[in-house]
Number of protein chains: 2
Amino acid sequence: MQRELVHTSIMSSKDHPTADWIFSDVKKEIPKISFGTVYRNLGQLVEKGLIRIIQLDGIAHYDGNVAPHNHFICNECNSIYDFELDNEDFISQVEVKNHHHVSGYQLMLTGTCNKCNIN
Amino acid sequence: MQRELVHTSIMSSKDHPTADWIFSDVKKEIPKISFGTVYRNLGQLVEKGLIRIIQLDGIAHYDGNVAPHNHFICNECNSIYDFELDNEDFISQVEVKNHHHVSGYQLMLTGTCNKCNIN
DNA sequence: TATTAAATAGGAATGATTCCTATTTATATA
DNA sequence: TATATAAATAGGAATCATTCCTATTTAATA
Ligand SMILES: [Mn+2]
Ligand SMILES: [Mn+2]
Ligand SMILES: [Zn+2]
Ligand SMILES: [Zn+2]
């Protein structure tokens, strides 16, 4: 069952890896794994809610942290950082003002990360 | 200069169109326009800051509204709605707590839009 | 008008992702 | 255990949005 390995690969990376990265990583353990298998298992893990997918510039990154949280992308090193917000009252703002029903959200901040702005 | 037409197509659509939609739309005026031309001009318009690009599920949508605003995507009809927030204090929250420098953000809410939830 | 630069059409190339299929492996059942 | 059934897999072909390339056309400039 290589789905386990795909899953643990994501969990251990702690870094929102791409399918390509995961493929290379799992390949170390199982040299004859194929891309088809990686993508199929990624899809199943997403379905089961064990991981979530983050589209970024048209390529998919995977996140083992399924708890609601947000992402900060550094313009310089392209790292993806997690962060959380104290309040999520912007949701109720939108529900009240626009009359949409909000079931989820994705907030992506960009800028310069704390590693890169030590100039 | 077909860049004008590509631009006005986006502006008139008011609906965050894809490259494919824009291609079809401009084709009505200039039947022999090519995809290469559409993409090249879209890239130039983005560079000039006249439009902005919104990646959604791996395909690019274009937005003629370059003023900072956010997007709500309906899970049912897949429409993309604009909305604005009163305060953007979540930016300072992140700057204070995570010590990143924020230069931009993209908030995407999903749910059921006010058209679709009239049940 | 002659030169140079920008724009274009058309299609090939790319790259991530999905799809397909024959084969292998696990699971259930008699 | 032997057999039937279902799930998983490798490998590669197909897809599809986007980018790249090139010869040709059009605009701008001296
Ligand atoms: Mn994350
Ligand atoms: Mn918009
Ligand atoms: Zn950085
Ligand atoms: Zn809707």
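Naming convention: chains lettered A, B, ... in sequence-line order (proteins, then strands); numbering from 1 in each chain.
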For DNA chain D, find the residues of residues 51-63 of chain B with a heavy-atom distance under 4.0 Å and give them by number; none if there aren't any. B/I59, B/A60
Applying salt bridge (Lys or Arg N to Asp or Glu O under 4.0 Å), can you list everything that pairs with A/K115, at least two apart in sequence or on another chain? none
What nucleic acid atoms does B/D20 come within less than 4.0 Å of, heavy atoms only: base, sugar-phosphate, or nothing? nothing
Could I get the full list of ring-ring contact (aromatic ring centres under 6.0 Å, His included) partners for B/H99, not counting sequence neighbours? none
Taking all non-hydrogen atoms of both residues into account, name the closest pair between B/N98 and A/D82 and its distance. ND2-O, 4.1 Å
Would you please name every residue forming a side chain to side chain contact (heavy atoms under 4.5 Å, CB included) with A/S79, sequence neighbours left out? A/C77, A/Y81
Listed by chain and number, what are the side chain to side chain contact (heavy atoms under 4.5 Å, CB included) partners of A/T110, not counting sequence neighbours? A/I73, A/N75, B/S103
Hits for salt bridge (Lys or Arg N to Asp or Glu O under 4.0 Å) against B/K28, two or more places apart or cross-chain, chain-then-number order -> B/D25
Any residue meeting side chain to side chain contact (heavy atoms under 4.5 Å, CB included) with A/R40, in chain and number order, not counting sequence neighbours: A/T37, A/Q44
Output side-chain donor-acceptor pairs under 3.5 Å for residues 52-62 of chain B, partner residues at least two apart or in another chain, one line each.
from: B/R52; atom 1: NH2; to: B/H69; atom 2: O; distance (Å): 2.9
from: B/R52; atom 1: NH2; to: B/H69; atom 2: ND1; distance (Å): 3.1
from: B/H61; atom 1: ND1; to: B/H16; atom 2: O; distance (Å): 2.9

Output the rounded distance in Å from CG (B/N41) to P (D/dT19). 13 Å
Close approaches to DNA chain C from residues 22-40 of chain B, in residue order (heavy atom, under 4.0 Å): B/K32, B/I33, B/S34, B/T37, B/R40
Among residues at least two apart in sequence or on other chains, which ones pass salt bridge (Lys or Arg N to Asp or Glu O under 4.0 Å) with A/D63? none
First and last nucleotide of DNA chain C, 5' to 3', lying under 4.0 Å from heavy atoms of chain B: C/dA7 to C/dG10
Within this structure, what is the CD-to-P distance between A/Q44 and D/dA7, rounded to whole angstrom? 11 Å
Tell me, please, which residues at least two apart from B/D20 pass side chain to side chain contact (heavy atoms under 4.5 Å, CB included). B/T18, B/F35
